[in-house]
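Have a look at the structure below, then the notes.
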Amino acid sequence: MEEGKTQVMKYEPVIGLEVHVELNTKSKMFCRCSADYFGKEPNTHTCPVCLGLPGALPYTNKQAIEDCIKIGLALNCEIAEKSLFERKNYFYPDLPKGYQISQYRWPLCTGGRLQVTGNRIIRINRVHQEEDTGKLTHEGNETLIDFNRSGVPLVEIVTEPDFHDVESVRDYAKKLQQLFRYLEVSNADMERGDMRLEANISVKRKGESGLPNYRIELKNINSFRFMVAAIDYEIKRQKAALEKGEKLSQETRGWNEDKKCTYIQRSKEEAHDYRYFPEPDLPEFRIQSSEFRIKEIKKNMPEMPWVKAERFIKDYGISENNSKILTETKELAEFFEIAVEHGKAHEVSAKEIANYLINKKPDIASFLPTQVIEELKGKKVGVIEDSGELEKLAQQAIDENPKSAADYKAGKEAALQALIGGIMRLSSGKADAGKAKEILLELLK
Ligand code: ADP
Ligand code: MG
Ligand code: ZN
């Protein structure tokens with residue numbers, strides 16, 4: 001068959017992703033200011049350190065380092081024994097010091113991987129710790145600066161250019177968001193800017209070895225939907241350009257949602273030289289020392305969502321799709337497992353419970369796992385209503401699970417479910433759930 005004019009050239013997209021996530025630590029990365037800045041009066045969460053005043057000295061937030069390590073461990077990274085910060089120098093009004101404290105040559109975590117849809121493995125180049133900048137607001141001819149965000153802990157996760165389709169990119173970004181929430185290191189809300197995506201895109205001829213000698217960096221994309229649209233658009237634009245014989249060069253582009261197209265923001269000529277050098281005001285830190293205790297950190301990490309999803313399929317005989325839905329949040333997964341535990345005493349199967357949760361979608365914040373069983377049985381199943389007996393069970397559940405009790409007292413309402421689950425297990429599912437909850441709340445006051 002004749003090749004040529006009518007045959008469309010086959011191109012393959014090459015995509016790498018950079019994800020920034022703001023940590024939900026109490027204080028900022030290098031000072032004691034509150035990191036909870038969202039919606040707060042501008043410039044009220046500041047001090048000489050995060051305002052970049054001369055002579056102010058930074059000190060490292062250990063919780064942030066621990067959170068960064070957790071993310072690295074979850075992504076199967078190597079955790080560095082020795083790590084240090086560097087200054088990334090550039091001028092911009094939202095950066096009062098004239099440099100961002102970041103990591104370049106000695107990142108905390110390197111060489112990880114994450115499996116995405118279609119059994120593809122995405123290699124993670126690095127997971128490093130840095131700080132956020134202030135926030136600029138443009139009003140007419142004026143620009144306002146709010147430094148409340150300046151110095152908030154930020155973790156950056158960089159992949160190798162291993163994506164070849166937009167579906168894998170979407171799946172990866174969603175998995176990271178789910179991971180941050182499971183680890184409770186960030187709310188990872190895209191609209192609030194807790195989580196930000198940058199995609200690097202190039203296109204090469206299929207079968208060609210090596211990487212294209214250019215890449216287009218898509219910046220400032222604040223939703224999954226826009227990211228998918230922008231990447232789709234870029235792949236088409238770049239293919240068309242290459243087919244016309246044009247040469248593409250390095251650029252930064254943004255997404256215009258009104259016009260549904262990308263537009264150029266910066267070309268290579270304006271690229272930065274950040275003049276990285278080690279931060280002289282912060283000591284290098286050693287992670288394997290008793291100070292950070294990788295083992296301890298690992299022990300306190302939850303089961304990974306993708307591991308949980310696999311386990312649910314095996315343990316409960318539910319479909320892959322249902323398992324994915326039930327493990328979407330850690331809270332729903334916990335709710336399901338408590339209900340299953342409770343169901344055992346009443347001959348209600350895990351499958352029935354899974355279907356109920358997926359189809360009826362009860363609000364698990366106000367619903368109890370045992371109510372699922374009652375709904376499915378069509379009758380009350382709690383027979384222990386005696387308050388004395390219930391109080392004993394509740395106390396036992398608290399004693400067995402002090403972490404959940406502490407979490408609840410610290411404001412984590414979802415932790416209550418685990419305690420109610422404990423009561424159910426201790427009573428072989430016979431406790432009256434509503435009363436048990438009341439008594440539990442009384443004890444936790
Ligand atoms: P920078 O800070 O300049 O963006 P990084 O090293 O932090 O550089 O990130 C580079 C990102 O670009 C990585 O995710 C990498 O996988 C990706 N990348 C590198 N080369 C290409 C390419 N030819 N096409 C698409 N993505 C690429
Ligand atoms: Mg980049
Ligand atoms: Zn401060």
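When reading the values below, keep in mind they use all heavy atoms of this one structure, side chains included, and skip hydrogens, waters and symmetry mates. Start at 1 and go down the list; that is how both ligands and their atoms are numbered.
- Within the 4.0 Å heavy-atom criterion, the part of E18 lying near ligand 1 is the side chain and not the backbone.
- Each of the following atoms of ligand 1 lies closer than 4.0 Å to a heavy atom of P212: 23 (N).
- Polar contact with ligand 1: absent for E156 (N/O pair, distance under 3.5 Å).
- Distances below 4.0 Å separate heavy atoms of E217 from the following atoms of ligand 1: 4 (O).
- Less than 4.0 angstrom separates some heavy atom of E160 from each of these atoms of ligand 1: 16 (O).
- For ligand 1, one of its N or O atoms has an N or O atom of P161 under 3.5 Å away.
- Taking CZ from R253 and SG from C261, the interatomic distance works out to 8.0 Å, rounded to the nearest 0.5 Å.
- The CD1 atom of I353 sits 11.5 Å away from the CD1 atom of I358 when rounded to the nearest 0.5 Å.
- When each atom of ligand 1 is checked for a heavy atom of Y214 under 4.0 Å away, the hits are 23 (N).
- In summary, the atoms of ligand 1 found under 4.0 Å from a heavy atom of L17, numbered by their order in the structure, are 14 (O).
- Once rounded to the nearest 0.5 Å, the distance linking CG of L218 with CZ of F226 reads 13.5 Å.
- Taking CD from E331 and CD from Q417, the interatomic distance works out to 9.5 Å, rounded to the nearest 0.5 Å.
- Contact annotation for D162 and ligand 1: no heavy atom of the residue comes within less than 4.0 Å of the ligand.
- When rounded to 10 degrees, the angle formed at the Zn ion (ligand 3) by SG (C33) and SG (C31) equals 110°.
- The aromatic ring centroids of Y104 and F85 lie 6.0 Å or more from each other.
- Taking each heavy atom of P278 and W106 in turn, the nearest pair found is CG-CZ3, 4.2 Å.
- With atom 17 (C) of ligand 1 as the reference point, the heavy atom nearest to it among N200, T252, V158 is part of N200.
- Side-chain contact, T110 with E78: no donor N or O sits under 3.5 Å from an acceptor N or O.
- Between S202 and ligand 1, a contact under 3.5 Å exists for at least one N or O pair.
- Separation of the Y274 and Y99 ring centroids does not fall under the 6.0 Å cut-off.
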